[in-house]
Amino acid sequence: MSTWRARLTELGIELPETAAPLAAYVPAVRTGNLVYTSGQLPMQTGKLARAGKVGADVSPEDGHALARICALNALAAVHALVGIDAVVRIVKVVGFVASAPGFSGQPAVVNGASELLGAVFGEAGAHARSAVGVSELPLNSPVEVELIVEIAG
């Protein structure tokens, strides 16, 4: 059986450095065999990849790509805490989409995170999920994603 790290390499994906917290919290916490990540923004090299509301300033397709970046940042937080190869399965994804009035495509945007997790973890990446439209996110981010991950004993 190959490792998740090897699977990332097969897919040409490199986990980024863990994003620095913006306030008084930590990127991820372990309790028992679960890791909860804090909400992750689409940060790349210390900067927000894009700002604005999906459905106005940001297209749904760009929002989808930004949700993928958020999921990578969440995996980086898991990796920094316990190592990516400790992952047993992705339990839940919660995605928040800063939405323009009338925009109702949040599920398609959050699919950017879900599809990445499926590609990396296969059946172990199948998860429960919420995709929530909100009026504002930190730093005027278009999307934020958090994970609950089961890890080995």
Residue pair [X] / [Y]: nearest heavy atoms and the distance that separates them:
X: Ser141; Y: Ala98; result: O-CB, 3.4 Å
X: Ala113; Y: Ala67; result: CB-O, 3.7 Å
X: Pro16; Y: Ala76; result: O-CB, 3.2 Å
X: Arg129; Y: Pro107; result: NH2-O, 3.1 Å
X: Val82; Y: Arg30; result: CG1-CD, 4.1 Å
X: Pro60; Y: Phe103; result: CG-CE1, 3.7 Å

With clusters defined by side-chain heavy atoms of hydrophobic residues (ILVMFWY) lying less than 4.5 Å apart, directly or transitively, does [Y] cluster with [X]?
X: Val93; Y: Leu41; result: no
X: Leu8; Y: Leu117; result: yes
X: Val78; Y: Val120; result: yes
X: Tyr36; Y: Val94; result: no
X: Val87; Y: Val145; result: yes

Next on the checklist: What verdict does the side-chain hydrogen bond (donor to acceptor under 3.5 Å, both in side chains) test give for Ser38 and Glu146, after you've listed the backbone C-alpha separation in whole Å, the side-chain angles of each residue and the deciding distance to 0.1 Å?
Outcome noted: CA-CA 6 Å; Ser38 294; Glu146 61 184 54; over 6 Å; no
Checklist entry - Val58 and Leu66: side-chain contact (heavy atoms from CB on, under 4.5 Å), yes or no, with the steps? => result CA-CA 10 Å; Val58 178; Leu66 294 167; 4.1 Å; yes
For a 4.5 angstrom cut-off between non-hydrogen side-chain atoms, does [X] reach [Y]?
X: Val134; Y: Ser99; answer: no
X: Pro142; Y: Val97; answer: no
X: Val143; Y: Pro42; answer: yes
X: Asn33; Y: Val88; answer: no
X: Thr37; Y: Pro27; answer: no

Checklist entry - Taking Leu81 as the fixed residue, which of Ile151, Val35, Val149 is the one that meets the side chain to side chain contact (heavy atoms under 4.5 Å, CB included) rule? => result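 Among Ile151, Val35, Val149, the one meeting side chain to side chain contact (heavy atoms under 4.5 Å, CB included) with Leu81 is Val35.
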Distance check, rounded to the nearest 0.5 Å: [X] atom [atom1] versus [Y] atom [atom2]?
X: His64; Y: Ser114; atom1: NE2; atom2: OG; answer: 8.5 Å
X: Leu147; Y: Leu34; atom1: CG; atom2: CG; answer: 12.0 Å
X: Ile148; Y: His127; atom1: CD1; atom2: NE2; answer: 11.5 Å
X: Leu116; Y: Leu75; atom1: CG; atom2: CG; answer: 6.5 Å
X: Asp62; Y: Asp57; atom1: CG; atom2: CG; answer: 11.0 Å
X: Leu15; Y: Trp4; atom1: CG; atom2: CH2; answer: 13.5 Å

Checklist entry - Asn111 and Arg68: side-chain hydrogen bond (donor to acceptor under 3.5 Å, both in side chains), yes or no, with the steps? => result CA-CA 8 Å; Asn111 276 349; Arg68 182 183 190 277; over 6 Å; no
Item to check | Pairwise salt bridge (charged side-chain N to carboxylate O under 4.0 Å, His left out) hits with a residue in residues 130-144, at least two apart | outcome: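 Sorted result for residues 130-144: Lys53-Glu136.
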Checklist entry - Does any donor atom in the side chain of Arg50 or Asn140 lie under 3.5 Å from an acceptor atom in the other side chain? => result no
Checklist entry - Do other residues, nucleotides or ligands put more than 12 heavy atoms under 6.0 Å from Arg5 CZ? => result no
